[in-house]
Amino acid sequence: MVQFYVKCSKPFETIPEWKVIEIQGELNLREDKEAKKDENKPNEGFGGKKFGDIHFDESGTPILVLGHHTMTGKITKVSPPYGVLGSERNEKGDYYVEAIIREKIIFKTRPKPIITHVPTRLK
Amino acid sequence: MDEQEQEHFFRRAEYAKVDREKLCLPSASVSFSPFVEQNKYRLIELNEQLESALKNGEDVVIRGDPQDGVVVCTDTKTFDIKICTTSNELLVSSDLIIPRTKEGPTAATADLVLRVHDYMEPKEILPKLDKLQKLLPTFALSNDSEPKGISTAELLDRVQSSKFQLQEELNRLGAIDRDGWKVVTDMERVSYSICTAIDSESWSLAAIDESGMVQIINEFEQVWPEWAIQHTLKALSKSEKDGTYEICQKKLSIQVALFILKRNAEETNQSIVLEEFTEVWKTMLPSEVEPDVKDLFGFAYVSADKSRGKTVEVIHYLNPLNLPGDPLMLFNFLFSLKKQWTDAELQALTKRVTPPGKQASAIISKYCRQSKSATGVKLFTSKTPNNNNA
């Protein structure tokens with residue numbers, strides 16, 4: 001057995017700070033019928049797909065616009081912070097801490113539907 | 001994001017009733033990166049110790065054999081790694097900006113590089129040192145030839161422990177680094193020779209000269225090699241300066257007690273009556289040393305013997321190398337030796353299996369039932385009925 005070292009990819013102070021967006025439950029992709037037909041096409045899953053838009057109102061509250069829904073969230077501190085570890089070892093056999101996460105945006109409210117067209121009441 | 005994309009972006013916001021004029025900027029258009037499904041990263045919680053180890057450039061190492069669980073060590077501490085699963089989805093973005101002001105570029109793109117439901121959580125544990133006893137070659141100075149030792153690097157490859165904790169355990173076992181680490185199993189014999197020399201020369205324990213000691217012990221023939229005397233002096237002393245040692249009374253008295261107990265176990269295979277033992281022990285030690293049986297708990301235990309006509313207290317040798325490292329196995333083993341243990345005895349024996357941040361008493365009360373003797377002494381029996389019936 002050998003020992004695997006965990007090292008910083010850069011001097012500790014200059015490691016980039018990444019963010020986490022935490023949502024309740026699980027994201028599912030709408031079934032891609034075209035892709036299912038073509039078995040040779042690799043399943044890319046979420047790769048390259050659009051997630052949503054995030055805005056921050058004047059008090060700093062994050063608003064997520066996801067498909068036809070919006071959610072408001074909260075910015076919270078991650079304590080203790082997460083280290084983002086490369087899952088593969090580099091050529092020297094070491095694992096690298098690529099980034100540190102000290103803040104996350106958590107969305108735990110029920111999504112509200114966006115209603116763009118309100119039918120007028122029949123007289 | 002070009003102008004047209006920005007236009008679309010803010011139109012979507014309008015539909016969602018987001019007031020563009022009252023936003024902190026930039027807003028973010030978030031997409032999954034093309035390699036998000038490849039799980040290129042893992043999240044690990046960086047507790048205070050791990051973070052400061054990385055900050056100070058200390059080694060942070062994953063250690064152990066393939067069949068062992070994952071353990072991460074800093075220079076001084078050992079952590080077990082648990083995988084924590086959360087029902088929430090964690091989406092990691094490498095470039096999302098959380099804006100604090102209204103003055104910023106209007107919109108930016110952000111990539112999600114990882115999508116996970118779990119993260120690694122380090123939990124401080126005791127180093128897993130059981131393997132060390134199997135890896136360390138042992139030999140008796142009096143009858144074996146010296147084996148080849150095992151290097152620190154080799155030990156760290158196999159044993160799940162930080163460097164500091166490994167070194168502490170090597171010291172506790174009395175290991176010596178001579179062409180690799182090895183354990184001298186009869187160091188108490190050398191200690192006894194040292195004790196006899198101190199007594200006969202009436203030297204003060206506060207200043208023992210190494211060369212003088214070697215000369216006295218090996219005056220007529222070589223009794224012990226010079227390195228063994230030096231190693232034992234180091235193990236027995238509180239401090240050393242230029243070959244002069246200040247001997248620790250407690251350590252010396254423990255080694256002499258071990259000498260008596262081990263010799264007795266080899267010769268008669270019977271326990272010694274405590275009173276006789278204490279008397280012999282006192283006469284063997286220099287007059288300034290006041291021995292205390294409590295110091296021996298951890299290497300020996302006292303029990304009542306009814307086989308000699310009347311009930312007498314007897315003392316038995318307990319080899320620390322044979323004690324299991326797992327608390328349940330340790331207590332099962334102890335209760336197979338005798339049914340009732342005193343608090344002082346158990347405190348000394350459970351220190352090694354007490355996880356960081358816990359008290360030995362907590363471990364004792366988890367595995368033992370407490371009672372009081374007629375004289376008011378706390379006594380502990382097993383919670384497992386089988387151990388009490390045996």
Side-chain angles (χ1 to χ4, degrees), chain A residues 1-8 12-13 15-16 18-27 43-60 62-65 69-70 75 78 80-88 95 97-101 103-106 108 114 116, chain B residues 9 12-13 15-19 22-25 27-37 39-48 50-51 54-55 57 59-66 72 87-94 96 98-100 102 110 112 114-115 117 119-120 156-158:
Chain A
M1 175 72 186
V2 280
Q3 303 177 59
F4 301 126
Y5 283 81
V6 178
K7 291 188 170 159
C8 299
F12 188 82
E13 288 72 23
I15 292 182
W18 290 4
K19 306 281 188 272
V20 161
I21 300 167
E22 187 174 329
I23 52 167
Q24 277 196 329
E26 198 169 347
L27 283 176
N43 182 14
E44 284 165 355
F46 283 86
K49 297 242 167 25
K50 167 89 182 163
F51 170 65
D53 299 335
I54 298 184
H55 303 274
F56 300 87
D57 73 8
E58 53 191 343
S59 61
I63 303 156
L64 173 66
V65 181
H69 293 90
T70 63
I75 298 168
V78 181
Y82 290 131
V84 182
L85 214 57
S87 56
E88 275 174 30
Y95 285 103
V97 177
E98 304 280 356
I100 289 198
I101 295 167
E103 264 182 324
K104 67 178 173 186
I105 307 175
I106 176 161
K108 50 183 178 184
I114 300 170
T116 50
Chain B
F9 177 78
R12 279 200 300 275
Y15 280 134
K17 317 266 188 314
V18 173
D19 188 350
K22 290 183 179 168
L23 291 179
C24 289
L25 294 169
S27 293
S29 164
V30 188
S31 310
F32 289 99
S33 121
F35 61 80
V36 68
E37 299 288 357
N39 289 331
K40 280 193 165 186
Y41 306 102
R42 298 295 311 262
L43 294 183
I44 180 169
E45 239 182 42
L46 293 180
N47 58 28
E48 227 172 279
L50 277 180
E51 193 185 348
L54 285 171
K55 208 177 197 170
D59 283 346
V60 176
V61 200
I62 300 170
R63 288 205 173 104
D65 283 327
V72 169
S87 60
N88 287 2
E89 188 148 321
L90 305 175
L91 304 164
V92 178
S93 171
S94 55
L96 176 70
I98 296 182
R100 314 283 170 191
K102 288 183 176 178
L112 298 173
L114 180 69
R115 191 173 75 87
H117 276 279
Y119 57 90
M120 296 185 271
L156 286 172
D157 265 355
R158 307 285 304 277

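Proteins get letters first, then strands, A, B, ... in listed order; numbering begins at 1 in each.
One distance of note links CZ of Arg63(B) with CD of Gln3(A); it measures 4.5 Å at 0.5 Å rounding. To the nearest 0.5 Å, atom CD1 of residue Ile105(A) and atom OG of residue Ser93(B) are 8.5 Å apart. Atom CG of Leu54(B) is separated from atom SG of Cys8(A) by 4.5 Å, given to the nearest 0.5 angstrom. Here the CD1-CG distance, from Ile101(A) to Leu90(B), works out to 8.5 Å after rounding to the nearest 0.5 Å. Between the NE2 atom in His55(A) and the CZ atom in Arg12(B) there is a gap of 7.5 Å [rounded to 0.5 Å]. Expressed to the nearest 0.5 Å, how far CD1 of Ile98(B) lies from NZ of Lys104(A) amounts to 12.0 Å.
Counting non-hydrogen atoms of neighbouring residues, nucleotides and ligands closer than 6.0 angstrom, the NZ atom of Lys22(B) reaches no more than 12 such neighbours. Annotation: Lys108(A), atom NZ; neighbour count of heavy atoms from other residues, nucleotides and ligands within 6.0 Å does not exceed 12.
The part of Ile100(A) that comes within reach of chain B is its side chain, from C-beta onward, which places non-hydrogen atoms under 4.5 angstrom from that chain. Ile63(A) touches chain B through its side chain: at least one heavy atom from C-beta onward sits under 4.5 Å away, while N, CA, C and O do not. Heavy atoms of Ser94(B) lying under 4.5 Å from chain A belong to its backbone as well as its side chain. In this structure, the portion of Leu112(B) lying under 4.5 Å from any heavy atom of chain A is its side chain and not its backbone. Neither the backbone nor the side chain of Leu114(B) has a heavy atom closer than 4.5 Å to any heavy atom of chain A. In this structure, chain A has no heavy atom under 4.5 Å from any part of Glu48(B). Using a 4.5 Å cut-off between heavy atoms, Pro16(A) makes no contact with chain B at all. Looking at Tyr15(B), both its backbone and its side chain come within 4.5 Å of chain A, counting heavy atoms on both sides.
Taking both residues in full, the closest heavy atoms of Arg42(B) and Ser87(A) are given as CG-CB, 4.0 Å, listed atom of the first, atom of the second, then distance. Contact between Val61(B) and Tyr5(A) at its shortest, heavy atoms only, is CG2-CE2, 3.7 Å. Residues Glu58(A) and Cys24(B) approach most closely at O-SG, 3.9 Å, considering heavy atoms.
Contact tally against chain A (heavy-atom pairs below 4.5 Å) for Asn88(B), Leu43(B), Val18(B): the top residue is Asn88(B). The candidate with the highest count of non-hydrogen atom pairs below 4.5 Å against chain B, out of Ile15(A), Val65(A), Val78(A), Val84(A), is Val84(A). If you tally non-hydrogen atom pairs under 4.5 Å between each of Ile114(A), Val20(A), Leu85(A) and chain B, the highest count goes to Leu85(A). In terms of non-hydrogen atom pairs under 4.5 Å with chain B, the most contact-rich of Leu27(A), Ile106(A), Val97(A) is Leu27(A). Across Leu64(A), Thr70(A), Asp57(A), Ile23(A), the residue that shares the most heavy-atom pairs under 4.5 angstrom with chain B is Ile23(A).
Ser27(B) contributes no side-chain N or O that, together with a main-chain N or O of Asp53(A), makes up a donor-acceptor pair within less than 3.5 Å.
Residues Glu51(B) and Pro81(A) have side chains in contact (heavy-atom distance under 4.5 Å, counting atoms from C-beta outward).
Between Phe32(B) and Phe51(A), the ring-plane angle classifies as perpendicular under the 30° and 60° cut-offs. Between Tyr41(B) and Trp18(A), the ring-plane angle classifies as perpendicular under the 30° and 60° cut-offs.
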For side chain to side chain contact (heavy atoms under 4.5 Å, CB included), just list the numbers for Arg100(B) and Phe56(A), CA-CA rounded to whole Å, side-chain angles, deciding distance to a tenth of an Å, and then say yes or no.
CA-CA 9 Å; Arg100(B) 314 283 170 191; Phe56(A) 300 87; over 6 Å; no
